[in-house]
There are 2 protein chains.
Amino acid sequence: MNIGEVSERSGLPPKTIRYYEDINLVRPLRSDNGYRSFRESDIHKLAFLGRARALGFSIEDCRTLMGLYEDETRESAQVKAVAKEHLAEIDNKITQLKSMRETLSHLVEACQGDHRPDCPILKDLSRGV
Amino acid sequence: MNIGEVSERSGLPPKTIRYYEDINLVRPLRSDNGYRSFRESDIHKLAFLGRARALGFSIEDCRTLMGLYEDETRESAQVKAVAKEHLAEIDNKITQLKSMRETLSHLVEACQGDHRPDCPILKDLSRGV
DNA sequence: ATAAGGATTCCAGCCACTGGAAGCTCAAGG
DNA sequence: CCTTGAGCTTCCAGTGGCTGGAATCCTTAT
């Protein structure tokens, strides 16, 4: 199967698929004409990667998860550890974003947003140096 | 004032301050020895930038906000517009992260995390191709 | 024969820094 | 005066995860 069809079936852009080959996340075969030739198992892998990425896992996490997936002797504790750590990072990000949101929304509400130059947002950003 | 002291007073690493000069966010003077020579106004600017960045504004947004800050004839509506757009982006990110969090926390809870290989997390990631 | 569509490679760029190397200046101590 | 160390300079490269674009090749249809 050529990259175009694989792209449609996996939902990943061809560029991304080539990139994943570059960094050895997939290893498609090659046809005589030099085209990549994907097996069903490659598509399976790519879809796996797509979903892991959609959950925000880093490429390195994805590599680890793929490895565990293919390792019949894995312990689910290993998978859970990776996922828990990632979950904690997500929570951190959410916390940080919420704090930004808090501050920013207050400022936005306080700003008249009219033709006059006075602006609590700028005032806050330039407060005490 | 040299970059080290400016770094302490503004809270930004020297590398970042140099970078901000590179991209013309600040324009410190130069001493005879070639060292950057910062005025109070430069520190003020850098602190402004640091706070804007801490609220998650992009560098380009920061440039715009600095421009508005220095423009006496600005209209607060312009500032508010920038801030509101950024707020919307933050909200989008939070929404996306929360959705990841939802999915991931369910999966983590469902996973036994023991010595056995069976794992709902991997099962989910590899679901229907 | 040619044109269109898809494949290939490779290089560059995104964002906002950050690390590191090589070399300069300056202040303090022996 | 010499050395040592801290602090400053520039420049190049790397981060993550792609994405865009150019130049070229392969395949298929007209």
Side-chain angles (χ1 to χ4, degrees), chain A residues 1-38 42-43 45-46 48-66 85-86 89-90 92-93 96-97 100, chain B residues 1-38 42-43 45-46 48-66 85-86 89-90 92-93 96-97 100:
Chain A
M1 203 174 334
N2 285 350
I3 203 167
E5 197 181 339
V6 173
S7 170
E8 275 183 33
R9 286 187 51 195
S10 68
L12 298 173
K15 282 271 187 185
T16 300
I17 298 173
R18 292 195 191 99
Y19 173 67
Y20 286 175
E21 186 191 17
D22 261 16
I23 62 175
N24 287 318
L25 281 179
V26 270
R27 299 174 211 267
L29 305 172
R30 292 286 174 149
S31 306
D32 291 342
N33 58 13
Y35 287 14
R36 286 168 185 81
S37 175
F38 296 84
D42 292 319
I43 299 185
K45 272 195 188 188
L46 287 167
F48 181 104
L49 292 168
R51 276 188 294 262
R53 291 287 300 132
L55 287 180
F57 284 105
S58 72
I59 289 285
E60 282 320 301
D61 276 353
C62 288
R63 197 188 298 280
T64 303
L65 292 171
M66 274 290 302
E85 194 152 341
H86 179 47
E89 271 173 36
I90 288 179
N92 286 344
K93 277 191 198 162
Q96 209 186 342
L97 284 172
M100 286 180 187
Chain B
M1 205 175 331
N2 285 350
I3 201 167
E5 197 182 338
V6 173
S7 169
E8 275 182 32
R9 287 188 51 194
S10 68
L12 298 173
K15 281 272 187 185
T16 300
I17 298 173
R18 293 195 191 99
Y19 173 66
Y20 286 176
E21 185 190 16
D22 262 16
I23 61 174
N24 287 318
L25 280 179
V26 270
R27 299 173 211 268
L29 303 172
R30 291 287 173 148
S31 306
D32 290 343
N33 58 13
Y35 287 15
R36 286 170 185 79
S37 175
F38 296 84
D42 292 319
I43 300 185
K45 271 194 188 189
L46 288 167
F48 182 103
L49 292 169
R51 276 187 293 263
R53 291 287 300 133
L55 287 181
F57 284 104
S58 72
I59 288 285
E60 281 319 302
D61 277 353
C62 289
R63 197 188 298 280
T64 304
L65 291 172
M66 274 290 303
E85 193 153 340
H86 178 48
E89 271 174 35
I90 289 179
N92 284 344
K93 276 190 196 163
Q96 208 185 342
L97 284 171
M100 287 179 185

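In this text, all values refer to a predicted model and were calculated from it rather than measured experimentally. Within every chain, numbering begins at 1; the chains are lettered A, B, ... in the order of the sequence lines, protein sequences first and strands thereafter.
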Next on the checklist: Rounded to whole Å, please give me the gap between CD1 in Ile3(A) and P in dC18(D).
Outcome noted: 14 Å
Checklist outcome for this item: Separation of dT9(C) atom C1' from Glu21(A) atom CD, nearest Å, is 12 Å
Item to check | Phosphate-side-chain proximity, Arg36(A) and dT9(C), N/O vs OP1/OP2 below 4.0 Å | outcome: yes
Checklist entry - What are the two closest non-hydrogen atoms of Ser10(B) and Leu46(B), and how far apart are they? => result CB-CB, 4.0 Å
Checklist entry - At under 4.0 Å, does any side-chain N or O of Thr16(A) touch on OP1 or OP2 of dT19(D)? => result yes
Checklist entry - Any side-chain heavy-atom pair from Ile3(B) and Tyr35(B) closer than 4.5 angstrom? => result no
Checklist outcome for this item: Atom CG of Leu49(A) and atom C1' of dC18(D) are separated, to the nearest Å, by 14 Å
Item to check | Along DNA chain C (nearest heavy atom to each residue), the more 5'-positioned of Asn33(B) and Phe57(B) | outcome: Phe57(B)
Checklist entry - Quick one: is dC18(D) close enough that its OP1 or OP2 comes under 4.0 Å of any side-chain N or O from Tyr20(A)? => result yes
Checklist entry - For residues 58-66 of chain A, which residues have at least one heavy atom under 4.0 Å from DNA chain C? => result none
Checklist entry - Expressed in angstrom and rounded to an integer, what is the separation of Lys93(B) atom NZ from dC15(C) atom P? => result 13 Å
Next on the checklist: Once you apply a heavy-atom cut-off of 4.0 Å, does Pro13(B) come out as touching a base, just sugar-phosphate, or nothing?
Outcome noted: sugar-phosphate
Checklist outcome for this item: With both pairing distances under 3.5 angstrom for Watson-Crick or G-U wobble, and | for a partner in another strand, the correct string for DNA chain C is ||||||||||||||||||||||||||||||
Checklist entry - Expressed in angstrom and rounded to an integer, what is the separation of Asp22(B) atom CG from dT18(C) atom P? => result 14 Å
Next on the checklist: Is there a side-chain contact between Arg18(A) and the phosphate of dT8(C), meaning an N or O under 4.0 Å from OP1 or OP2?
Outcome noted: yes
Checklist entry - With a 4.5 Å limit on heavy-atom distance, are the side chains of Tyr20(A) and Arg53(A) in contact? => result yes
Checklist outcome for this item: When Tyr35(A) and Arg30(A) are each assigned the nearest nucleotide of DNA chain C, the 5'-most assignment goes to Tyr35(A)
Checklist entry - Do you know which of Arg36(B), Lys45(B), Lys15(B) makes salt bridge (Lys or Arg N to Asp or Glu O under 4.0 Å) with Glu21(B)? => result Arg36(B)
Next on the checklist: Can you confirm whether Thr64(B) sits close enough to Phe57(B) that some side-chain heavy atom of one is under 4.5 Å from a side-chain heavy atom of the other?
Outcome noted: no
Item to check | Minimum-distance pair of heavy atoms, taken over all atoms of Met100(B) and Leu55(A) | outcome: SD-O, 3.5 Å
Checklist outcome for this item: Of dC17(C), dC8(D), dC18(D), the nucleotide closest to the side chain of Arg53(A) is dC18(D)
Next on the checklist: Between Arg63(A) and Glu60(A), does any NZ, NE, NH1 or NH2 come within less than 4.0 Å of an OD or OE carboxylate oxygen?
Outcome noted: yes
Item to check | Distance, rounded to the nearest Å, where Asp32(A) contributes CG and dA7(C) contributes P | outcome: 17 Å
Next on the checklist: Testing the basics here: between Leu49(B) and Cys62(B), what is the closest heavy-atom pair and its distance to 0.1 Å?
Outcome noted: CD2-CB, 3.8 Å
Item to check | Nucleotide dC14(C), atom P - distance to OH of Tyr19(A) in whole Å | outcome: 18 Å
Item to check | For atom CZ of Phe38(B) and atom P of dG7(D), their distance in whole Å | outcome: 16 Å
Checklist entry - Which heavy atom in Gly50(B) sits nearest to a heavy atom in Leu12(B), and how many Å separate them? => result CA-CD2, 4.1 Å
Item to check | Asn2(A) side chain, from C-beta outward: closest of dA16(C), dC8(D), dA7(C) | outcome: dA7(C)
Checklist entry - Any side-chain heavy atom of Tyr19(B) sitting closer than 4.5 Å to one from Leu25(B)? => result no
Checklist outcome for this item: Testing dG21(D), dC8(D), dT18(C) for proximity to the side chain of Lys15(A), the answer is dG21(D)
